[in-house]
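Below is one structure, written out as C-alpha cells; the observations come after it.
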Amino acid sequence: MKVITWNVNGVRARQHELGTLLANEQPDVVCLQEIKASPDKVPDLLVSAGGYWCYWHGGKGYSGVGLHVRKASHPDRPAFHHPPFDFEHRILTARVPGVTVASVYVPNGGKDFPAKIAFIEALTGYAAEIHEKGLKLVLCGDMNVARTDMDVHPKERKPKAIGQLPEERELLEKLIAQGLV
C-alpha cells in the first residue's frame, strides 16, 4: 500500500501541487494536515479528487485534516471516523481492509500546552485500543514533537522549547510503543 502524508499548510494554496501529486504518484491513501479550510471551501479540483474517496474535516483558516482513499485499490467507500478525542478538526480515520489509517495534526502547544498533552495521551490510548484488538494502524501526520535532538537542526535545538520538551518526547515514545514502528 502506497501512503502519502503531507502537512499542506493551507490546501487552497497547494491545490495544483496536490492534484499533480495524485496524478503522478497514484497513492492508495493520502493523509493531509493543516488544510485550513472548511469542506465547502476546498477547491472543486480536490473535493472529489478523481478516483478517490475523499473526506475533508476542517474549519475556516485553522488546522484541519483530509483523508483520501484510492477507489482502484479500495472500490468500497471506507468508513471515515473521528475518534471521540477529536477537537479543532485534528484527527480523521478510515478503515480499509486490513488496516486503519489516521491523518493526525497534533496541536503545537504554543497556545495551549495542556491541550497538546491531552491530545497525545488520548491518541496513545486510541492506538493502544487498536493494537489490543489485534488490528493494524497507520498513523500519519504532523506530531509536532521532535523525537530526538537529531531531528532538530543544531541551530534550532532548544531544550526548553515546546516540541522538544522531555515530557513530549516521553509521550511520543509511549505512543510508538503501542504497536507502531
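Note: hydrogens, waters and symmetry copies are ignored here, and every other heavy atom, side chains too, is used.
For the side chain to side chain donor-acceptor pair (under 3.5 Å) test, residues two or more places apart in sequence or in another chain that qualify with Gln26 are Arg70. Under the salt bridge (charged side-chain N to carboxylate O under 4.0 Å, His left out) criterion, Arg169 pairs with Asp149, sequence neighbours left out. Residues meeting the ring pair (Phe, Tyr, Trp, His ring centres under 6.0 Å) test with His57, sequence neighbours left out: His82, His89. Listed by chain and number, the residues in a side chain to side chain donor-acceptor pair (under 3.5 Å) with Thr20 amount to none (sequence neighbours excluded). Partners of Ala161 according to the side-chain contact (heavy atoms from CB on, under 4.5 Å) rule, which considers only residues two or more places apart in sequence or in another chain, are Lys158, Gln164.
Sequence neighbours left out, the pairs with a member in residues 88-102 that pass salt bridge (Lys or Arg N to Asp or Glu O under 4.0 Å) are Glu88-Arg90. Within the structure, the salt bridge (Lys or Arg N to Asp or Glu O under 4.0 Å) test picks out the following pairs touching residues 171-181 (sequence neighbours left out): Arg147-Glu173, Glu170-Lys174.
Atom CG of Asp142 and atom SG of Cys31 lie 12.5 Å apart (nearest 0.5 Å). Once rounded to the nearest 0.5 Å, the distance linking NZ of Lys71 with SG of Cys54 reads 7.5 Å. Atom CG of Leu67 sits about 8.0 Å away from atom SG of Cys140, to the nearest 0.5 Å.
Considering only heavy atoms from C-beta on, Val3 stays 4.5 Å or farther from Asp28 through its side chain. In this structure the side chain of Asp86 never reaches within 4.5 angstrom of the side chain of Pro84, judged on heavy atoms. Counting heavy atoms from C-beta outward, Leu21 and Ile4 have side chains that approach closer than 4.5 Å. Counting only heavy atoms from C-beta outward, the side chains of Val30 and Leu22 approach each other to under 4.5 Å.
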Using residues 123-137 as the side-chain source, report each donor-acceptor pair under 3.5 Å to any protein atom, sequence neighbours left out, with the distance given to one decimal.
from   : atom 1 : to     : atom 2 : distance (Å)
Thr124 : OG1    : Ile120 : O      : 2.8

Show me the donor-acceptor pairs within less than 3.5 Å that the side chains of residues 101-117 make with the rest of the protein, sequence neighbours left out.
from   : atom 1 : to     : atom 2 : distance (Å)
Ser103 : OG     : Leu32  : N      : 3.4
Ser103 : OG     : Leu32  : O      : 2.9
Ser103 : OG     : Gln33  : NE2    : 3.1
Ser103 : OG     : Gly66  : O      : 3.4
Tyr105 : OH     : Glu34  : OE1    : 3.3
Tyr105 : OH     : Glu34  : OE2    : 3.4
Asn108 : OD1    : Gly110 : N      : 2.7
Asp112 : OD1    : Ala115 : N      : 3.2
Lys116 : NZ     : Asn108 : O      : 3.2
Lys116 : NZ     : Asn144 : O      : 2.6
Lys116 : NZ     : Glu168 : OE2    : 2.4

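The backbone N or O of Asp76 lies less than 3.5 Å from no partner atom in the side chain of His74, so there is not a single donor-acceptor pair. Between the side chain of Trp6 and the main chain of Gly141, no donor-acceptor pair closer than 3.5 Å is present.
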>> Using side-chain contact (heavy atoms from CB on, under 4.5 Å), reason through Leu171 and Glu121 one step at a time and then give a plain yes or no.
In response: CA-CA 7 Å; Leu171 283 174; Glu121 288 172 340; 3.8 Å; yes
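Here the closest non-hydrogen pair linking Leu165 and Pro159 is CD2-O, 3.6 Å.
Val152 forms part of no hydrophobic cluster, judged by ILVMFWY side-chain heavy-atom separations under 4.5 Å.
Residues Ile91 and Leu175 fall within the same hydrophobic cluster, defined by Ile, Leu, Val, Met, Phe, Trp and Tyr side chains chained together at heavy-atom separations under 4.5 Å. Put simply, Phe85 and Phe80 are part of two different groups of oily side chains (I, L, V, M, F, W, Y) that touch within less than 4.5 Å, one to the next. Side-chain heavy atoms closer than 4.5 Å link hydrophobic residues (I, L, V, M, F, W, Y) into clusters, and following such links, even through other members, never connects Phe87 to Tyr62. Clustering ILVMFWY residues whenever any of their side-chain heavy atoms sit less than 4.5 angstrom apart, transitively, puts Val11 in the very cluster that holds Tyr52. Both Val65 and Val96 are assigned to one and the same hydrophobic cluster, defined by single-linkage of ILVMFWY side chains at heavy-atom distances under 4.5 Å.
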